[in-house]
A.B. asks: 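Below is the structure I would like to discuss, written out as structure tokens.
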2 protein chains.
Amino acid sequence: MDRVTNVFTRKLVGLASLNEHEIALLDAEATPIRLIAAHRDLIREGDKPGPVFVVLDGWACRYKMLPDGSRQIVAFMMPGDFCDIHAGILDEMDHAIGTLTACQIVAIPRERMDRLIVATPALTHAFWRAQLVDEGVLRAWIVSIGRRDSLQRVAHLMLELYVRLRSIGLANDERCEMPLTQAVLADSLGLTPVHLNRVLKVLRERRAMTLTGGTLQLLDPRELVRIAGFDNNYLHRRVPDEVG
Amino acid sequence: MDRVTNVFTRKLVGLASLNEHEIALLDAEATPIRLIAAHRDLIREGDKPGPVFVVLDGWACRYKMLPDGSRQIVAFMMPGDFCDIHAGILDEMDHAIGTLTACQIVAIPRERMDRLIVATPALTHAFWRAQLVDEGVLRAWIVSIGRRDSLQRVAHLMLELYVRLRSIGLANDERCEMPLTQAVLADSLGLTPVHLNRVLKVLRERRAMTLTGGTLQLLDPRELVRIAGFDNNYLHRRVPDEVG
DNA sequence: CGAGGTGTTGAAATATCTCAAGCGCCGTGG
DNA sequence: CCACGGCGCTTGAGATATTTCAACACCTCG
């Protein structure tokens, strides 16, 4: 396991039992690394299938623009996440993927990906499973936007991101980097930036959490979990500490 | 193609090119048929992996209950849809699946499903693809709830369901069966039943569509598409007629 | 016949949005 | 070195969309 060199591989190893050979295959794909600036599109809506992108560092997101110019972010991608085994299978992208910060990205050509998948059942299984987890996130997202008020919704998203960051070793104590502007968060939560700002203020005043200068600080995880109605088995991970 | 006997098989045939043998394999699974009453849970949140269910007739849905007793429906399942290749792969269900009307269901034991999948790559491909389509639906759902107002949202859902029904031959002219109560629709749209009712009234008054007695009637598809901001390539299908 | 689920409507309450303004920070160009 | 402009954050006040509460009509079913 200490042979694992990159987040991408590490994530998949966490999802399925892979042997040395399979791990080596994955690691071999994690090159060359490309540096992409913030606010660039990796894939645009309507694009034909291209390579599979893996985020090694930085944040990206899936999003969709509406005719009236508003944007809905549908998923956040952090180190280890990959975009679209999909595109190869469906005809055309129904949404775009763009960077939120500067990113390190690996682009795996479609054919290599396909070869990788058909050749090794264990990897098929790992990818499939990763996709199922993503689907679970999408469902949770719908539940949040559909039935939680803004306070619960914000608290829930913060916990989700915290838990995910933690599972890839990017969160310690009750703190993590979260380089997302309020506008970005608002676009993911179906809120207005103005309103999101007010909600953050409330959470701050209740001493539940703060989000400033690009870092999230959980002041009172227990309280935050309570506010959010956060399911502590979410994604089969949990927010640790005194909670639970 | 005329050898295809059930909606389930028919749907998969529409998603990938399957040969006679593979079609026969699928058809062989579509038995025995179980009759399930309305408002029964097929799978409950927290359940361990069980069989894969396929809806042959009737409507079901995925949903999640919140602590305060409210419900968010996350997906509608109509004839041909199947639930959870998932459950077998993840540890535990994070949502429930229940019938909305009386249903005809086939339960395929997990092991047979697994054997089917590993044995025939074309089927793996078909299932994978079906799952990707579902994921696209989930993303569109998020966009709707997050960024569209109630009028657009309702119009969009009606079009989505219409298009899906049409693709399995359950909609003709501009009309289809839609045995969903207003409460159910509200729970899927993140609205109140009362408000949904008012929205339906507006759509009726604008002579865009009516929904009464369990049947949806598109009076003015073009107008409805306009109201919804409906992407006519949605799911790579389209609402036909004068539209487009 | 009564009970409960479903659809309909009204009026008041509330959550969220919109518009508008000001502040601080930071990078750029003079 | 300073001034400027732009972006992100913050706050206020009024507008609007949606919810809540309440009542009633209709229908089916027992």
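Numbered from 1 within each chain, the chains take letters A, B, ... in sequence-line order.
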A.B. asks: More 5' along DNA chain C: A/Arg148 or B/Thr212, using each one's nearest nucleotide?
C.D. replies: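 Mapping each residue to its closest nucleotide by heavy atoms, the 5'-most match is B/Thr212.
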A.B. asks: Nearest-nucleotide wise, let me know which of B/Arg147 and B/His39 is further upstream toward the 5' end of DNA chain C.
C.D. replies: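 Mapping each residue to its closest nucleotide by heavy atoms, the 5'-most match is B/His39.
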A.B. asks: Compile the donor-acceptor pairs under 3.5 Å between side chains in residues 181-198 of chain A and protein atoms, sequence neighbours left out, one pair per line.
C.D. replies:
{"residue": "A/Thr181", "atom": "OG1", "partner": "A/Ala183", "partner atom": "N", "Å": "3.4"}
{"residue": "A/Thr181", "atom": "OG1", "partner": "A/Val184", "partner atom": "N", "Å": "3.2"}
{"residue": "A/Gln182", "atom": "OE1", "partner": "A/Asn197", "partner atom": "ND2", "Å": "3.0"}
{"residue": "A/Asp187", "atom": "OD1", "partner": "B/Arg147", "partner atom": "NH2", "Å": "2.8"}
{"residue": "A/Asp187", "atom": "OD2", "partner": "A/Arg71", "partner atom": "NE", "Å": "2.8"}
{"residue": "A/Asp187", "atom": "OD2", "partner": "A/Arg71", "partner atom": "NH2", "Å": "3.1"}
{"residue": "A/Ser188", "atom": "OG", "partner": "A/Leu185", "partner atom": "O", "Å": "2.8"}
{"residue": "A/His195", "atom": "NE2", "partner": "A/Ser150", "partner atom": "OG", "Å": "3.1"}

A.B. asks: Under 4.0 angstrom, heavy atoms only, what part of the nucleic acid is A/Gly190 near: base, sugar-phosphate, or nothing?
C.D. replies: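 Since only primed, P, OP1 and OP2 atoms lie under 4.0 Å of A/Gly190, the category is sugar-phosphate.
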A.B. asks: Sequence neighbours left out, what pairs pass side chain to side chain donor-acceptor pair (under 3.5 Å) with at least one residue falling in residues 207-216 of chain B?
C.D. replies: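 For residues 207-216 of chain B, and leaving out neighbouring residues, there are no side chain to side chain donor-acceptor pair (under 3.5 Å) pairs at all.
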A.B. asks: Would B/Asp81 and B/Arg164 count as a salt bridge (charged side-chain N to carboxylate O under 4.0 Å, His left out) here? Give the steps.
C.D. replies: CA-CA 11 Å; B/Asp81 292 340; B/Arg164 284 172 59 190; 2.9 Å; yes
A.B. asks: How far does the helix from C/dC1-D/dG30 to C/dG30-D/dC1 bend, going by the axes of its first and last five pairs, to the nearest 10°?
C.D. replies: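 That helix has its two terminal axes inclined by roughly 30°.
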A.B. asks: Reading DNA chain D in the 5' to 3' direction, which nucleotide is the first one with an atom under 4.0 Å from a heavy atom of chain B, and which is the last?
C.D. replies: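 On DNA chain D, the outermost contacted nucleotides are D/dT18 to D/dC21.
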A.B. asks: By nearest heavy atom, map A/Arg204 and B/His195 onto DNA chain D; which one lands nearer the 5' end?
C.D. replies: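 With A/Arg204 and B/His195 compared, the 5'-side residue is A/Arg204.
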A.B. asks: A/Pro179 and A/Thr101: which non-hydrogen atoms are nearest, and at how many Å?
C.D. replies: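 Reported closest heavy-atom pair: CG-CG2, 3.6 Å.
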A.B. asks: On a heavy-atom basis, which atom in A/Cys83 and which in A/Val52 lie closest, and how many Å separate them?
C.D. replies: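 So the minimum-distance heavy-atom pair works out to O-CG1, 3.5 Å.
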A.B. asks: Check whether A/Gln152 reaches the backbone of A/Asp149 with its side chain - one donor and one acceptor, N or O, closer than 3.5 Å.
C.D. replies: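 Confirmed, A/Gln152 side chain pairs with A/Asp149 backbone.
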A.B. asks: Determine whether B/Ile105 and B/Leu56 make a side-chain contact, defined as any pair of heavy atoms from C-beta on separated by less than 4.5 Å.
C.D. replies: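 In short, these two side chains do not touch, never coming nearer than 4.5 Å.
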A.B. asks: Look only at the side chain of B/Asp41 and the backbone of B/Arg44, and say whether a donor-acceptor pair between them is shorter than 3.5 Å.
C.D. replies: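 A pair under 3.5 Å: no.
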A.B. asks: Going 5' to 3' on DNA chain C, which nucleotide is the first and which the last to come under 4.0 Å of a heavy atom in chain B?
C.D. replies: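 So the contact region on DNA chain C extends C/dT6 to C/dA11.
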A.B. asks: Look at the aromatic rings of A/Phe230 and A/His156 and report parallel, tilted or perpendicular, splitting at 30° and 60°.
C.D. replies: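 A/Phe230 and A/His156: tilted rings.
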A.B. asks: May I have all residue pairs that pass ring-ring contact (aromatic ring centres under 6.0 Å, His included) and include part of residues 47-80 of chain B, sequence neighbours excluded?
C.D. replies: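 Residue pairs with at least one partner in residues 47-80 of chain B: B/Phe76-B/Trp141.
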A.B. asks: Applying a 4.0 Å non-hydrogen cut-off, can you work out what B/Leu200 is touching in the nucleic acid: base, sugar-phosphate, or nothing?
C.D. replies: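 Nothing, no nucleic acid heavy atom in range.
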A.B. asks: Are any side-chain N or O atoms of A/Arg175 and backbone N or O atoms of A/Gln217, one a donor and one an acceptor, separated by less than 3.5 Å?
C.D. replies: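 Checked: no pair found.
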A.B. asks: Heavy atoms under 4.0 Å, any strand shown: does B/Thr181 hit a base, just sugar-phosphate, or nothing?
C.D. replies: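 Sugar-phosphate only.
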